[in-house]
Structures are given as structure tokens and as C-alpha cells.
Number of protein chains: 2
Amino acid sequence: MRALRHPNAGEIELTRVLHALSDPVRLDVVRQLDHEGEATCAALDCGRPKSSMSHHFRVLRDAGVVRTRSDGAAHMNVLRREELDRLFPGLLDAVLAAR
Amino acid sequence: MRALRHPNAGEIELTRVLHALSDPVRLDVVRQLDHEGEATCAALDCGRPKSSMSHHFRVLRDAGVVRTRSDGAAHMNVLRREELDRLFPGLLDAVLAAR
DNA sequence: TCGTAAGTTCGATAAGTATCGAACATTCGA
DNA sequence: TCGAATGTTCGATACTTATCGAACTTACGA
């Protein structure tokens, strides 16, 4: 598959991260990734079609919240935990801790 | 002036708060409120017309980030610090600490 | 190599949002 | 009571976003 673009740490902006997290579907994805550690897009569908999920993953990727790597035909996604924690200490923890 | 609606603490939703904070203008307002403690809308204009700022204050109010009270002809705004800290511990701190 | 699976991209649509000027309402002071 | 100041509301516009089906690409296994 084509290479997926990721911002490097220095390009990650707070407002974009907040916006990425402000959607219920994407927040659910982030919660699951935090719990599962790593997952394919298909595994995290929220009952939505592939094209919708692909869109949400792209928003998360573009914001720097998620890193995606190819694994055969699948895409494995992980939270960019360490980088986000370094850039915005406590932010992800606070968001994930919220009931 | 007409009474301004505020959600009570139980109605405040994380995604709405994150969305409210995901705009540069509003984030700037929140930063200033955190620093100043209390301020009128006019004092926080970011070079934008009143109608634009009024819109942003409304988004912040509706999300539960800000509380507005009338003080004569002016509106005084404060962060809903305690309630937000109780609902989403560490969130506001993390957002405000970000460089 | 043929089919299946996994995602992306495209195109269309509907809904939401930011922006601003102008008009309006409210408060207070001269 | 008249005017100035403070915000809100309205209306219009442009932009962004969420949503989905369909077509496409890539990878892998039978």
C-alpha cells in the first residue's frame, strides 16, 4: 500500500490533537488502542463502513495521535504515547481517564 | 441582558469540551482566563469583531468550559475550573501547560 | 493466478462551523 | 433621557467535516 504520512513530533499541534480527540468515534478508537495496545482498522470499526473508519484513522494520523504501519494487507495502529506524553504531559492520561 | 444558558456539571461532555478547546481563538481565550482569572469579552478580543468573539464565548459556555455572569452591561467570564477538574482531572492542566 | 481480505480514494451529500457586518437589547453615566 | 458601551442575535457566505457506497490498490493464500 502507499506510504502513509505521519507528522513528526515537532509538527504535532495541540489544537489538531484536541480536534482529533473531540469526535466520539475517534475517541472510542483511541480508548481501544490504549487498551489493546495495537489493532487493525477493521478490528476497531464501530459498526461503520470501512470508508468512514479510514477517514477517522486519517484524522488521527494527521494529528499525530496514531501511528500506522503496514503489516501485510493490514494496517496496524498504535497510539503515539511517548511522543504525545512528552509534548503534552498528562493530556492523554486525562482524556483516557475520563469516565 | 438575557439569561445565558450553562450546562450543569452533569451535562458536560468530554467531546464537547475537547472540541471547544480545539480552536486557536478559544484556546487563547482559555489561556487568558486562566491567567487573568476573570475577564470581560471585550478584554479578550483577539483582534476579531464582537460578533465573532460572542460566537466563541457561546461555544465555550455551551461546552461548560466557561461561566459567564452579567456585571452591568458587561459579561464577566471565568473558567469552570473546579467542575472541570472534578469531571476530567488533569485535562485543563495538561492543555494549559502545553507550550 | 484467481479470489479474498484490508484499506484507501473518489464522489456526492448533508450537516456543522467560522467569519463578519448590521441591527438590536441592555446597562450605566452624563 | 440621551448617548455610549457591551454583547447578543440575525443573515449571509465560505469552509470544513462526517457519512456512505462504489471503485480501486495492494497483499496474501489456496
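Both backbone and side-chain heavy atoms feed into the values below; hydrogens, waters and symmetry mates do not. Below, chains carry the letters A, B, ... as their sequence lines are ordered, and counting in each starts from 1.
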Give me the atom names and distance for the closest heavy-atom approach of G37(A) to V78(A).
O-CG1, 3.4 Å
In whole angstrom, what separates [X]'s [atom1] from [N]'s [atom2]?
X      : N       : atom1 : atom2 : value
K50(B) : dA22(C) : NZ    : C1'   : 10 Å
L44(B) : dT6(D)  : CG    : P     : 13 Å
L21(A) : dA18(D) : CG    : P     : 12 Å
F57(A) : dA6(C)  : CZ    : P     : 13 Å
R69(A) : dA27(D) : CZ    : C1'   : 15 Å
D62(A) : dT9(C)  : CG    : C1'   : 14 Å
D71(A) : dT26(D) : CG    : P     : 18 Å
L60(B) : dT17(C) : CG    : C1'   : 14 Å

Any idea which of [options] is nearest the [X] side chain?
X      : options                  : value
S51(A) : dT9(C), dT8(D), dC20(C)  : dT9(C)
S52(A) : dG7(D), dG7(C), dT19(D)  : dT19(D)
R61(B) : dG21(C), dA18(C), dT8(D) : dT8(D)
C41(B) : dT8(C), dT8(D), dT19(C)  : dT8(D)
A73(A) : dA6(C), dT19(D), dG7(D)  : dA6(C)
H56(A) : dT19(D), dG7(C), dG7(D)  : dT19(D)

R26(A), R61(A), R48(A) screened by side chain to side chain donor-acceptor pair (under 3.5 Å) with H56(A), the one that passes:
R26(A)
Does the side chain to side chain contact (heavy atoms under 4.5 Å, CB included) test come out yes or no for S22(B) and H19(B), once each step is laid out?
CA-CA 5 Å; S22(B) 74; H19(B) 174 255; 4.0 Å; yes
Both V25(A) and M53(B) contact DNA chain D. Taking the nearest nucleotide for each, which residue is further toward the 5' end?
M53(B)
Check whether any side-chain nitrogen or oxygen of R58(B) sits under 4.0 Å from OP1 or OP2 of dG7(D), and answer yes or no.
no
Short side-chain N/O contact from R48(B) to OP1 or OP2 of dA18(C), under 4.0 Å
no
Output yes when a side-chain donor or acceptor of E11(A) lies under 3.5 Å from a complementary backbone atom of N8(A), and no otherwise.
yes
R67(A) atom CZ: more than 12 heavy-atom contacts under 6.0 Å:
yes
Across the strands shown, which category fits H55(A) at heavy-atom distances under 4.0 angstrom: base, sugar-phosphate, nothing?
base
